[in-house]
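Let me begin by presenting the structure, written as structure tokens, before commenting on it.
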Amino acid sequence: VQLHDGRALDKKQLYIEAIRCDGDRGAAYCKLGLTLAPGETVRVHDGRVLDQQQLLIEGIRASADAAEKCSLGLVALAITLPPKETVTIADGRTLSSRQL
């Protein structure tokens, strides 16, 4: 996609730009995370380098709307979490994919 300022951005770059414009929208973090291949990382606007799991956790944390947290971030994290692994989400809880 070519923006009005002349920059040509791919899908990942568009999500990074959306996060830069409004970092409190968890959906952009989650959707960016879902574009990454296993082991792939991406640098977001504030310089952090995040992998898929970290982006999904950040999306859950950044979501202002409780329904958005449940429907997008938690479900995406549950789907991508390996069977016997757990993850600690932003509120401090450590959960398995079933618990998510």
Side-chain angles (χ1 to χ4, degrees):
V1 155
Q2 187 160 359
L3 301 181
H4 70 297
D5 64 5
R7 291 181 295 158
L9 304 179
D10 65 19
K11 186 183 249 185
K12 290 176 190 169
Q13 293 167 326
L14 285 170
Y15 287 131
I16 292 168
E17 184 66 12
I19 293 166
R20 186 191 67 76
C21 292
D22 186 2
D24 290 332
R25 297 298 303 162
Y29 283 101
C30 291
K31 290 178 181 179
L32 176 59
L34 291 172
T35 67
L36 299 185
E40 186 178 3
T41 61
V42 65
R43 182 179 304 276
V44 293
H45 70 288
D46 61 7
R48 292 179 296 158
V49 177
L50 304 172
D51 63 18
Q52 183 181 58
Q53 192 173 78
Q54 292 166 323
L55 284 163
L56 294 171
I57 292 168
E58 185 63 21
I60 294 165
R61 186 206 60 76
S63 295
D65 179 310
E68 180 185 355
K69 287 183 187 184
C70 291
S71 66
L72 185 58
L74 293 173
V75 171
L77 191 54
I79 290 168
T80 60
L81 192 63
K84 294 189 178 185
E85 285 191 26
T86 59
V87 64
T88 302
I89 59 174
D91 67 6
R93 292 181 291 156
T94 300
L95 306 168
S96 68
S97 60
R98 284 186 177 186
Q99 293 168 313
L100 288 165

Quick one, Leu56 with Gln53, criterion side-chain contact (heavy atoms from CB on, under 4.5 Å). Give me CA distance, side-chain angles, the key distance, then yes/no. CA-CA 5 Å; Leu56 294 171; Gln53 192 173 78; 5.7 Å; no
Identify all side-chain donor-acceptor contacts of residues 78-89 below 3.5 Å with residues at least two apart in sequence or on another chain.
residue, atom, partner, partner atom, Å
Thr80, OG1, Ala76, O, 3.0
Thr80, OG1, Leu77, O, 3.3
Thr88, OG1, Thr94, OG1, 2.9

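The two residues Ile16 and Val44 make their nearest non-hydrogen contact at CG2-CA, 4.4 Å. Here the shortest heavy-atom pairing between Gly59 and Cys30 reads CA-SG, 3.8 Å. Summarising the geometry of Ile19 relative to Ala28, their closest heavy-atom pair is CG1-CB, 3.6 Å, with the distance given to 0.1 Å.
Applying the salt bridge (Lys or Arg N to Asp or Glu O under 4.0 Å) criterion to Glu40, with sequence neighbours excluded, gives Lys12. Scored by the side chain to side chain contact (heavy atoms under 4.5 Å, CB included) test, Gln99 finds Leu95, Ser96 as partners (sequence neighbours excluded). Listed by chain and residue number, nothing satisfies the salt bridge (Lys or Arg N to Asp or Glu O under 4.0 Å) test with Asp10 (two or more places apart in sequence, or in another chain). The salt bridge (Lys or Arg N to Asp or Glu O under 4.0 Å) check on Arg93 picks up Asp91, with sequence neighbours excluded. For the side-chain hydrogen bond (donor to acceptor under 3.5 Å, both in side chains) test, no residue two or more places apart in sequence or in another chain qualifies with Arg98. Listed by chain and residue number, nothing satisfies the salt bridge (Lys or Arg N to Asp or Glu O under 4.0 Å) test with Arg43 (two or more places apart in sequence, or in another chain). Take Lys11 and apply the side chain to side chain contact (heavy atoms under 4.5 Å, CB included) test, not counting sequence neighbours, and it matches Tyr15, Thr35.
Note that CG of Leu50 and CG of Leu55 are 4.5 Å apart. Values are rounded to the nearest 0.5 Å. Distance check: Arg48 CZ to Gln54 CD gives 9.0 Å after rounding to the nearest 0.5 Å.
Not one N or O on the side chain of Gln2 forms a donor-acceptor pair closer than 3.5 Å with the backbone of Ala8.
Between Glu17 and His45, every side-chain heavy-atom pair lies at or beyond the 4.5 Å cut-off. Looking at Val42 and Val49, their side chains never come closer than 4.5 Å, going by heavy atoms from C-beta outward.
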